[in-house]
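Since this is a predicted model, take the numbers as computed values, not measurements. Start at 1 and go down the list; that is how both ligands and their atoms are numbered. Worth knowing before you read on, the calculation uses all heavy atoms, side chains too, and leaves out hydrogens, waters and symmetry mates.
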Amino acid sequence: MSPNFQSMDPAVQALHPIAEEICYPTAFERAAELKPCPIGSTGVCCRMCAMGPCRLVGKTDRGVCGATRATVVARNYTRMVAAGAAAHSDHGRDLARTLIETARGEAKSYRIRDVQKLYEVAEFMEVPTKGRSIEEIALEVGQKALAEFGQQEGELMYLRRAPKKRQEIWRKTGIAPRGIDREVVEALHRTHEGVDMDAENILKHALRCSLADGWGGSMMATDISDILFGTPVPLNTYHNLGVLKEDEVNLIIHGHEPTLSEMVVAVAQMPEMQEYARSKGAKGINLAGMCCTALEVLARHGVPSAGNFLSQEIAVLTGAVDAMVVDVQCIMEALVPVSQRFHTLLITTSPKAKMTGALHIEFDEEHALDIAKEIVKRAVDNFPNRKAEVVIPKFVSPAVGGFSHEYLQYMQGGLHRGSFRPLNDAIIAGRIRGAAGVVGCNNARVPQDEGIMKVIRTLIANDVLVVTTGCVAHASGKYGYLLPEMMRDAGKGLREVCEAIGIPPVLNLGSCVDNSRILTVLSQMATEGGLGQDIGDMPVVGFAPEWMSEKAISIGTYFAASGVHTFFGVNNIISGSPEVVEILSKKWDEMVGGTMEFITDYDEMIQAALAHIDRKRAELGLVPWDPERYGQSGGDELMEKILSLPPEQRYLYSRKVVEERVAEQV
Ligand code: SF4
Ligand code: MSK
């Protein structure tokens with residue numbers, strides 16, 4: 001095994017020798033070969049004008065224009081936020097356009113799948129519903145959503161979904177975003193040479209811009225996806241490269257937006273397509289997902305996931321991927337050369353994201369079904385062209401996916417009494433110490449999934465309930481942590497709650513834009529009562545242990561702006577300016593009650609997060625967390641009994657047992 005290879009994923013470990021055999025350097029080797037620039041990686045390289053690039057190291061503490069290290073680091077950071085917010089929000093814009101085209105009957109392949117959610121969003125947006133057709137309501141919802149991008153004054157409407165106290169903080173500090181595009185454009189303007197030269201002021205705008213993502217473009221993307229494709233409810237699925245099938249056409253859908261992948265799912269199931277696959281010698285068509293596209297179709301259809309960010313090239317090494325279809329974001333350009341070494345047909349679909357050397361079949365919503373048919377047909381046609389030996393590792397983990405904030409509410413009391421009361425009560429009583437959102441990517445600079453799983457295992461063992469999205473959700477699935485059985489690894493108090501509700505200790509809330517679901521959950525918990533009046537009052541934390549994308553920086557920043565202490569691993573991209581480090585930690589804490597800290601040591605990061613949770617518990621006057629206070633119901637015998645029951649009976653049984661025990665204690 002190459003000394004440069006870094007992954008704890010057994011499927012990736014099994015396949016990587018193929019790359020060595022064919023002398024193909026994967027991201028693992030490229031990362032070892034190409035060391036990160038020691039200047040740029042600390043944030044002190046400025047290339048905002050042609051007098052530079054200015055590298056502010058050693059005795060050089062100002063650029064040619066006189067810019068300080070703090071200004072340069074703040075500008076670089078803010079530009080990352082702007083790019084991340086732009087990516088997420090453009091995704092939301094495309095969905096708003098699809099909703100409008102669907103309502104007008106122009107995008108004929110789509111329909112409104114979740115009418116109830118449409119009504120809820122319409123009510124929230126103050127769109128009249130009485131006496132109007134579904135299409136009329138959907139049209140106005142889509143138009144109102146689209147208007148949020150170009151809005152010049154006022155506030156984004158989704159800010160109203162936050163607790164009142166949080167909204168007041170945003171207004172008082174002047175960071176309530178006005179319009180999505182306006183904040184992204186202003187971020188680019190302020191960070192242009194010779195504009196904003198006060199690090200604190202630049203970074204204040206980074207907060208505002210990130211809020212336009214989390215409580216704007218991303219939240220809208222999630223809501224409209226649910227309206228068009230259905231709000232997720234838990235379902236069974238599978239994770240890892242073992243989901244590929246030797247005797248079927250394997251089509252991997254990779255990227256982010258659900259508009260195309262939903263159509264591919266529909267087409268792949270058509271009897272005539274299955275028949276066509278059989279005519280080419282395959283037993284059927286096997287769809288699998290990669291990155292966030294995977295999480296969109298996993299949450300709504302149970303389509304299995306082939307892997308996360310660092311698994312994309314590795315999937316091709318199986319020799320079994322007949323086509324990989326991509327749209328936008330997190331797609332490695334290396335897929336072109338690796339696909340050319342095998343028979344894999346790489347298909348790009350977005351006019352925004354072409355790849356030299358890939359086949360481009362341009363997607364548009366009006367002809368969605370026909371385009372999806374062409375893509376699936378191309379994949380089938382490529383099945384007989386397999387040339388390398390097919391090697392599919394046996395690693396595959398069953399998992400439960402498809403948690404939405406609506407379902408979290410439902411599972412805590414049913415249709416009529418759904419609320420966040422039980423979760424809040426469990427935190428108040430100390431059964432659950434706190435909650436954590438563990439999200440973000442893989443990064444070839446650190447071993448794949450290792451940091452993610454260390455954080456997750458330690459948190460749940462310490463009674464911290466974990467919600468995940470993005471590539472962390474994939475990692476959790478690959479190692480079995482999205483199964484209720486994994487409550488075995490949870491602390492005793494958390495285990496009791498998992499038993500009572502019948503949930504895994506780690507909940508998959510979806511794709512990167514679905515981090516907005518986490519914001520909604522936090523908002524609902526704060527509004528439910530007993531844990532203060534704001535997100536910033538609660539014992540909650542955020543993590544991105546293996547982040548790599550600018551979107552992750554935008555996500556971390558909007559969590560901080562929403563009052564969450566957030567911890568990022570891998571590398572400290574602001575370490576070149578102690579002043580900026582202080583702004584993102586101490587000053588943001590004073591200003592918005594949230595922070596962004598870059599801590600490369602996972603243990604240190606976890607300890608800092610647990611200390612923050614305990615501090616918040618103390619501030620709320622809650623009992624200190626005690627790992628031994630609860631857990632009488634957490635015996636192996638009871639759990640064996642629960643797991644022996646059919647899934648639909650587990651919830652009722654475990655709830656009954658816990659209620660009986662509570663009654664006994666009273
Ligand atoms: Fe150098 Fe200033 Fe130009 Fe940046 S803006 S490259 S610091 S001269
Ligand atoms: S796919 S942004 S690598 S989580 Fe959304 Fe994964 Fe990060 Fe992309």
- [ ] Work out which heavy atom in V303 is nearest to a heavy atom in T237; give both atom names and the distance.
- [x]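 Minimum heavy-atom separation between V303 and T237: O-OG1, 3.5 Å.
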TODO: Considering non-hydrogen atoms only, spot the tightest contact between S577 and A70 and give its length.
DONE: OG-CA, 3.4 Å
Open item on the list: Under the side chain to side chain contact (heavy atoms under 4.5 Å, CB included) test against S305, which residue among V396, I252, L298 passes?
Closed with: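 The residue from V396, I252, L298 that satisfies side chain to side chain contact (heavy atoms under 4.5 Å, CB included) with S305 turns out to be L298.
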Task: Sequence neighbours excluded - side-chain hydrogen bond (donor to acceptor under 3.5 Å, both in side chains) pairs with any residue from residues 40-56 - done: none
Open item on the list: Need the ligand 2 atom indices (1-based, order shown) with element for anything under 4.0 Å from a heavy-atom of G440.
Closed with: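 Heavy-atom distances to G440 below 4.0 Å select 4 (S).
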Task: Atoms in ligand 2 flagged as close to M548, the criterion being non-hydrogen separation under 4.0 Å - done: 3 (S)
Task: Pair H565, E597: side-chain N/O donor-acceptor within cut-off below 3.5 Å - done: no
Task: Salt bridge flag under 4.0 Å for residues K117 and E406 - done: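 Salt bridge: yes.
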Open item on the list: Can you tell whether the side chains of K352 and D94 come within less than 4.0 Å, N to carboxylate O?
Closed with: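 Salt bridge: yes.
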Open item on the list: Out of the candidates F568, F567, F598, only one should pair with F543 under the ring-ring contact (aromatic ring centres under 6.0 Å, His included) rule; please name it.
Closed with: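 It is F567, the one option of F568, F567, F598 that forms the ring-ring contact (aromatic ring centres under 6.0 Å, His included) with F543.
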- [ ] Report, as a single number, the protein N, O or S atoms less than 2.8 Å from atom 5 (Fe) of ligand 2.
- [x] 3
TODO: Sort by chain and number the protein N/O/S atoms found under 2.8 Å from atom 1 (Fe) of ligand 1.
DONE: C54 SG
Open item on the list: Any heavy-atom pair between the side chains of N240 and P304 that's under 4.5 Å?
Closed with: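 When only atoms from C-beta onward are counted, N240 and P304 do not touch, as no gap falls below 4.5 Å.
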- [ ] Determine which pairs satisfy ring-ring contact (aromatic ring centres under 6.0 Å, His included) with at least one residue from residues 194-225, sequence neighbours left out, and list them in order.
- [x] W170-W215
